Amino acid sequence: MSIQESDLMQKLISLCKRRGFVFQSSEIYGGLKSCYDYGPLGIELKRNIMNEWWRSMVHERENIVGLDASIIMHPQVWQSSGHLSSFSDPLVDCLLCKERFRADKAPVVEVGSEVTYTDPKNKKKELKGVAERSYVCPVCGSPELSAERNFNLMFKSFMGSVDPMSQVADKLAGKSHNAQEIREVMEEELAKSTVYLRPETAQAMFVQFNNIQQSLSLKVPFGIAQMGKSFRNEVTVEHFIFRSCEFEQMEMEFFCEPGTQAKWLDYWKEERVNWYKSYANYPEKFTLRQHDDDELAHYADNCYDIEYEYPWGWDELEGVASRTDYDLKKHSEGSGTKLTYFDQQATNPETGKPGWRYTPFVIEPAAGATRATLVYLLDAYCEEKGVDAKGKEKSRVVLKLHPRLAPIKTAVLPLVKKDGMPEIARSIVDKFYKAGVMAKYDENTSIGKRYARHDEIGTPYCLTVDKQTLEDGTITIRDRDTTEQKRISVEDALSEVQARLQ
RNA sequence: GCGGGUGUAGCUCAGUGGUAGAGCGUCACGUUGCCAUCGUGAAUGUCGUGAGUUCGACUCUCAUCACCCGCUCCA
């Protein structure tokens, strides 16, 4: 198998639409930038990935519990977390070379000093000007710059049944104002009802630390896990569902004793990368990359990215960050509520006495559920060259999804639509329904086309009712990857598939 | 945000200043009966959207939206 990397995304996007995995949002209205809908098969795949994550992170562990928090939280949450201040960096456009940059990271000059810079249209030409601000364009050095505009990371909305714009209109009516005054009135009025869509699920797990720890009497180390939607106004959206403004996260905050964070970071980074590999056909396409110091977020003292080799190169899939005690401390300060843990067994390292109250340190494996969906689709996409029944060359498209991730686990197929075969097939598929194993009955067109279609959507097993079934009560089970079949009895069909899904 | 490309049937794509085609897929009937069977027949298009030029625009011009590639940016 060898697919041109450049074609892979295109083929996958096409398959996603054709077979009902992913559609563009609001397509009949021309689509909306970076928004996608998960179709009948896409939702199954994404949900399976998320369920597997939940199972391995929450259900299979003694000390990790779940949370499903409100997407809209008290606006002060984002003040305390730093999302309001550190993500509203002023952005400036260079009027000359069109570069967009952060004012606080641009080259510093003295206001009023004469600066020389190059003309982007004619590199040999030198221009002179006077700096009106304390910085110039980092690319061409020009002082000809647009106004500073705040970068808008979070999606804003307004809570309350009265439109705050009416209040603004009332205040401004009948007088003349300059831009600054209008802005101030608007900010003052809008602020009263402004709420934000969460840019990460993490904060709710810090904010509910006390409730969760106390209600379940949890002992450090313990973790809180959450899956759900998050929203960010990304500077650039790209690569299909890879980076979009609305996305889905699977995050876990692991609270541990100060001083043990390095050990736990090490543990979780290995756990997480191995989790991805266990469902993959190409585990070598997953790797860990430690962040350089200058890459670290304001809250982290160490961080590993789990990266995947996408068609466009290595890029992020999950971040495993050591967030120190930053978040709990910030929310403690912001809310005036103690977010600490008291360990009666431990010895206070400062006093040497038994009993230690401390702010736990946090290790956070933060995964993109939507990114994982893309990754497993890319990992599974496969074209196999072969010959058809008449010896003509053809290619078989197979999604080699891990059986537990596959949207449909089993297709139940009557070889032909007569002689009672549909009835037997339907009675088999009914047993699967009742056992909670995703199965589909399919009697369309020819048997060959049905196999091919199920290969293309990743169905790992096909059960076929044929003439022999009528005689001895056996059916065939076909393996997606090898296309090999073996005969089993109708009674064993469900348990056989269940065994293979383990 | 910048540069380049694309947008025509469900998918892949052809096409011409005179109101549109192929292959695949879909549906029906018949046939076949285990890997995209064969035959016959059928349905499906705001030619991304809006404006302009023109007697006439899918085709030319402009704007806009979306996607792809590259840069840039990104806690």
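The sequence lines fix the lettering, A, B, ..., with proteins before strands; numbering per chain opens at 1. Computed from a predicted structure; not experimentally measured. Atoms considered below: every heavy atom in the structure, side chains included; atoms not considered: hydrogens, waters and symmetry mates.
- F240(A) comes within contact range of the sugar-phosphate backbone alone, with a heavy-atom separation under 4.0 Å but no base atom that close.
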Item to check | Per-nucleotide protein contact string for nucleotides 25-34 of chain B (B base, S sugar-phosphate only, - none; heavy atom under 4.0 Å) | outcome: SS------BB

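- Atom-to-atom, NE2 of H291(A) to C1' of C74(B) comes out at 12 Å; the value is rounded to the nearest Å.
- Under the Watson-Crick and G-U wobble criteria, each requiring two contacts below 3.5 Å, nucleotide U64(B) is paired to G48(B).
- The same atom, C1', is picked in C35(B) and in C27(B); the two are 23 Å apart, to the nearest Å.
- For G1(B) and A9(B), the C1' atoms lie 36 Å apart once the distance is rounded to whole Å.
- Residue H239(A) places at least one side-chain N or O closer than 4.0 Å to OP1 or OP2 of C69(B).
- Taking atom C1' in both C62(B) and U53(B), one finds a spacing of 10 Å when rounded to whole Å.
- As rounded to whole Å, 19 Å separates atom C1' of C35(B) from atom OH of Y461(A).
- Residue L32(A) contributes atom CG, which lies 17 Å from atom P of U64(B) at whole-angstrom precision.
- Regarding E27(A), its CD atom lies at a distance of 7 Å from the P atom of C11(B), rounded to whole Å.
- Atoms CD (E234(A)) and P (U72(B)) sit 17 Å apart, rounded to a whole Å.
- Here I28(A) lies in heavy-atom contact (under 4.0 Å) with a base.
- Residues R500(A) and E496(A) are paired through a salt bridge, judged by an N-O separation under 4.0 Å between the basic side chain and the carboxylate.
- Rounded to a whole angstrom, the distance from the C1' atom of C71(B) to that of U64(B) is 24 Å.
- Nucleotide U59(B) has no partner under the Watson-Crick or G-U criteria, as no pair reaches both atom distances under 3.5 Å.
- The gap from the C1' atom of U16(B) to that of G21(B) amounts to 11 Å, rounded to the nearest Å.
- Following rounding to the nearest Å, E238(A) (CD) and G70(B) (P) show an atom-to-atom distance of 9 Å.
- Using atom P as the reference point in both C60(B) and G7(B), the two lie 11 Å apart (nearest Å).
- Here CH2 of W264(A) is found 8.0 Å from SG of C256(A). Values are rounded to the nearest 0.5 Å.
- Counting non-hydrogen atoms of other residues, nucleotides and ligands closer than 6.0 Å to NZ of K440(A) gives a total of 12 or fewer.
- Relative to the ring axis of W268(A), R272(A) does not place its NZ or CZ within 45° and under 6.0 Å from the centre.
- The phosphate of C11(B) (OP1 or OP2) has a side-chain N or O of K17(A) nearer than 4.0 angstrom.
- Where R18(A) and V397(A) meet RNA chain B, the nucleotide closest to each residue was compared, and R18(A) sits on the side nearer the 5' end.
- Comparing G23(B) with C38(B), their P atoms sit 14 Å apart, to the nearest whole Å.
- Under 4.0 Å is where a charged nitrogen must lie from a carboxylate oxygen, and between E200(A) and R323(A) at least one such pair does.
- If you measure from atom CD of Q24(A) to atom P of A66(B), you get 9 Å, rounded to the nearest angstrom.
- In this structure, U12(B) and A22(B) make a Watson-Crick or G-U wobble pair, each of the two defining distances being under 3.5 angstrom.
- Look at G30(B): its Watson-Crick or wobble partner, with both distances under 3.5 angstrom, is C38(B).
- The CD-P distance, from E384(A) to A36(B), rounds to 13 Å in whole Å.
- Taking a pair to require two hydrogen-bonding distances under 3.5 Å in either a Watson-Crick or a G-U wobble arrangement, G3(B) pairs with C69(B).
- Remark: R289(A) does not engage D315(A) in a salt bridge, criterion side-chain N to carboxylate O under 4.0 Å.
- E251(A) is listed as a side-chain neighbour of M205(A), based on a closest heavy-atom distance under 4.5 Å.
- Here CD of Q79(A) is found 11.0 Å from NE2 of H74(A). Values are rounded to the nearest 0.5 Å.
- Not a single donor-acceptor pair, N or O on each side, falls under 3.5 Å between the base of C74(B) and the side chain of T236(A).
- At least one side-chain heavy atom of I241(A) sits under 4.5 Å from a side-chain heavy atom of L374(A).
- Rounded to a whole angstrom, the distance from the C1' atom of U59(B) to that of G3(B) is 26 Å.
- Within the 4.0 angstrom heavy-atom criterion, only backbone atoms of the sugar-phosphate kind lie near S34(A); the bases stay farther away.
- Residue contacts for F23(A): at a heavy-atom cut-off of 4.0 Å it reaches no nucleic acid atom on any strand shown.
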